[in-house]
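A note on names: the letters A, B, ... follow the listed sequences, proteins ahead of strands, and every chain is numbered from 1.
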Amino acid sequence: MKKLGVFLSLITLMLCVVSCMEDQDFDQYKDLSVVPVFESSILYLESTEDVINNVPPGPFYSQDFSFNAFSEAFFSDRVLDGVITYEIENTTSKPLSLTLEFLNDADEVLDSEPFTIDPAPSGTLQRDVVYGDTGKSLDIIRNTSRIRVVAVNEGDSTSTSNVSPPLVKFKSSGKFSLRIK
Amino acid sequence: MRKYSIIFIFIAFVCHFVTGQNKQLLYDFSEIPQSLLINPGTETDFQWYSGVPILSGISLQAGSSGISVNDLFANDGIDFNDKVRDRLINGMSPKDDLSGTYQIELINIGYRGAETDNFYSFGIYNEGDAIGYWFKDYAKLGFEGNADNLNNRFNLSHLKTRGEILNVFHFGVTKEIDNKLTFGVRGKLYSGIIDFTSTKNKGYFVTTEGQNNLLSNTLSADLELKSSGIITLDHVIDGDSSAGDMIKRGFFGGDLGLGVDLGFTYHLNEQTLITGSLLDLGFLYHSTDVLSYTLKGNATVEGVEIILPDAINDPNTDFWQDLVDDVEGLVPFEENRKSYITFRPTKLYGSLRYNFGETVQSKGRLDCDCNLSGGKSNRTKYANGVGGQLYVINRPRGPQAALSAFYQRRFGNIMAVKTTYTIDKYSFSNVGLGLNLQAGPINMYFMADNLLAYRNIAASNYASFQLGINIISWGKN
């Protein structure tokens, strides 16, 4: 065993003598910043002109529904800022208004985003809403667990559009930065 | 959560530091009994040998074909995030790997049979072997996100990894067929302790312009991760099981498999010989403690969709939950306990060697200064040997090869050294040195690779060493 000890000591000594290592700074890991930006569609609403004309002028659709994408811990704990993009196309013959409300678990309205859309042929609207330091509070996003959509016919219920097919399309997508590390 | 972190770190460690090791220094180093484990057809002149338990064969190898510690952590004033982005995320390719292997001999004994042309060797060793290819597109998605990668398909096949820890029980016979040819075969019984494999993944994730909505996210996945022994490991970490339960798995209490090694040495003439071996031609059947996960299917999502008048007719629709259920139905994440088979990473060695210089008196049965025209075993040992070696291992992304040139020098029967120059995917400047010392019956050896990298070990892409102690007898001589 003594010979073994000498042998291993010599080997260790040899490696210690010949091996070197440039200065390493493993604390650099603390500086690592991982902030990916993810984007995805949020809500798509489509209605034909027939649906609008089937009810008297006024609200023709109102609906609350759960939306947990924002309140998931992975998202809400990490989100830094973001933007929600809305795009509305109206090829019906009537002016419309549409309101999107963000609700929390207690059904309290955290924020409201109203839209007024002209009838065809000029009925297109695009809007970016920023959240974070340069925009609305991120708490709106973090605490949203439900969305309410209210669509209102601001015109008549008899006219028909010359554009085929006459539709209103509400599109939306979100683009958010998340702090992973 | 902590225990899963520990399991993840353990697997990551195995992936990083433990590939079938190229033992180019030990290969055909016939003074060392462990060379029989790399080529059962190695010519030996021992009467018997016994490895010192646990110390007879210790080897460790780690390699990274893409990046070194120094590339990331050198104190060079470059922003760490730039280094991660340029050298790791964008700099490495899905063919780059982090891999390693270790081996610890528990028992290794050899003896010459009554018919002296036969040499028998048997033993047990513990081995860990793992490889993980750079999961480039997963890393890119995690680091950058999908926002500025419209129409860019993130390739899910970039996840490719496998690893295992097992005990190997082996028995080999080396037979001198005639004065030119020595042939060996070694049977192996594998007792699997831990295994994980995820090597046949397919699919992609892509964000495109939506058909209805602004964006469309598509996931097409055919992913599978199979494992065995992880549950027991989990219980050991939790304290619900003892470490003995893991050890039992290594002694026929877990997964079982069979394998075989084949090897030969053939003399082309008195001084020139060729050798070859095929190792671990075998499989493991994983039937115990199996836990596997799959993610298979195709789904395209454009957010919550409300289409009127359909939505009016069903006012109680839970759009969000329906969306979640649809995705989970189309791309189900499932768990199963189905048995599976893995094939061992088969290795191939070959060499061409030319011996020259003064002759060295053998201590053993080859104690004869004769030439090939004599009978069996009447072979001269030369002080010098030079040649080339080939090593190929079967890996998840196909065979991985290494080419070595070597020079071996014997100093009587007391010391022998071997130096190699090896090129492979990890390094083009791998110089290795092996030393064998014989003090009476005590045999000691130490070998290390990629010595030039020791000038700055942090910048090395490859490191390997082997050492061991044996007791050797040459019988009456």
Spacing of Leu45(A) atom CG and Asn212(B) atom CG [to the nearest 0.5 Å]: 11.5 Å

I need the minimum non-hydrogen distance between Leu215(B) and Ser40(A), along with the two atoms involved. CD1-N, 3.9 Å

Counting only heavy atoms not in Asn162(A), do more than 12 fall under 6.0 Å of its CG? no

So for atom CG, which belongs to Asp133(A), do other residues, nucleotides or ligands contribute more than 12 heavy atoms lying within a distance under 6.0 Å? no

Of all heavy-atom pairs between Ser216(B) and Ser41(A), which one has the smallest distance, and what is that distance? N-OG, 4.5 Å

Heavy-atom distance under 4.5 Å between the side chains of Asn81(B) and Leu32(A), does that happen here? yes

Among Thr317(B), Asp310(B), Leu308(B), Asp76(B), the residue with the most heavy-atom pairs under 4.5 Å to chain A is Leu308(B)

Just so I understand: if I count every heavy-atom pair under 4.5 Å between each of Ile42(A), Thr85(A), Asp64(A) and chain B, which residue has the most? Ile42(A)

Which portion of Lys169(A) sits near chain B, non-hydrogen atoms under 4.5 angstrom: neither

Take Glu39(A) and Asn146(B) through the test side-chain hydrogen bond (donor to acceptor under 3.5 Å, both in side chains) and record every step on the way to the result. CA-CA 6 Å; Glu39(A) 65 180 345; Asn146(B) 67 334; 5.7 Å; no

Quick one, Tyr86(A) with Leu214(B), criterion side chain to side chain contact (heavy atoms under 4.5 Å, CB included). Give me CA distance, side-chain angles, the key distance, then yes/no. CA-CA 9 Å; Tyr86(A) 301 95; Leu214(B) 297 173; over 6 Å; no

Under 4.5 Å from a heavy atom of chain A, the part of Glu144(B) involved: backbone

Given heavy-atom pairs under 4.5 angstrom as the criterion, report whether the side chain, backbone, both or neither of Ser177(A) touches chain B. neither

Looking only at Asp23(A), Asn54(A), Val34(A), the option with the highest number of non-hydrogen pairs under 4.5 Å against chain B is Asp23(A)

Might you point out which heavy atoms bring Phe60(A) and Ile312(B) nearest each other, and give the distance in Å? O-CD1, 4.2 Å

Toward chain A, the part of Ile78(B) with a non-hydrogen atom under 4.5 Å: backbone

Kindly assign one of parallel, tilted or perpendicular to the pair Phe73(B) and Phe26(A), based on the angle between their ring planes and the thresholds 30° and 60°. tilted

Heavy-atom contact with chain B under 4.5 Å, split by part of Val35(A): backbone

Under a 4.5 Å heavy-atom cutoff, which of Pro309(B), Ala147(B), Gly303(B) has the most pairs with chain A? Ala147(B)

Strictly less than 4.5 Å between heavy atoms, which residues of residues 318-325 of chain B line up against chain A? Please order them by number. Asp318(B), Phe319(B), Trp320(B)

Donor-acceptor check, side chain of Gln28(A) to backbone of Asn75(B), threshold 3.5 angstrom: yes or no? no

Sort Ala151(A) into side chain, backbone, both or neither according to what part of it lies under 4.5 angstrom from a heavy atom of chain B. neither

Could you check whether atom CZ of Phe411(B) has more than 12 heavy atoms from other residues, nucleotides or ligands sitting under 6.0 Å from it? yes

Given heavy-atom pairs under 4.5 angstrom as the criterion, report whether the side chain, backbone, both or neither of Val51(A) touches chain B. side chain

Side-chain contact test, heavy atoms from C-beta onward, threshold under 4.5 Å: evaluate it for Asp148(B) versus Lys175(A) and give yes or no. yes

Within a radius of less than 6.0 Å around OH of Tyr44(A), do more than 12 heavy atoms belonging to other residues, nucleotides or ligands occur? yes

Where is the tightest heavy-atom contact between Gly145(B) and Pro36(A), given as atom of each residue plus distance? N-CB, 3.4 Å

Non-hydrogen atoms of chain B under 4.5 Å away: do they reach the side chain of Leu43(A), the backbone, both or neither? both

Chain B heavy atoms under 4.5 Å from Phe38(A): which part of the residue, side chain, backbone, both or neither? both

Contact origin within Asn213(B) toward chain A - heavy atom pairs under 4.5 Å: both

I'd like to know whether Asn70(B) forms a side chain to side chain contact (heavy atoms under 4.5 Å, CB included) with Gln24(A), so could you lay out the CA-CA distance, the side-chain angles of the two residues, the decisive distance to 0.1 Å, and finally the verdict. CA-CA 7 Å; Asn70(B) 194 66; Gln24(A) 305 291 308; 2.6 Å; yes

Proximity breakdown for Phe176(A) and chain B, heavy-atom pairs closer than 4.5 Å: neither

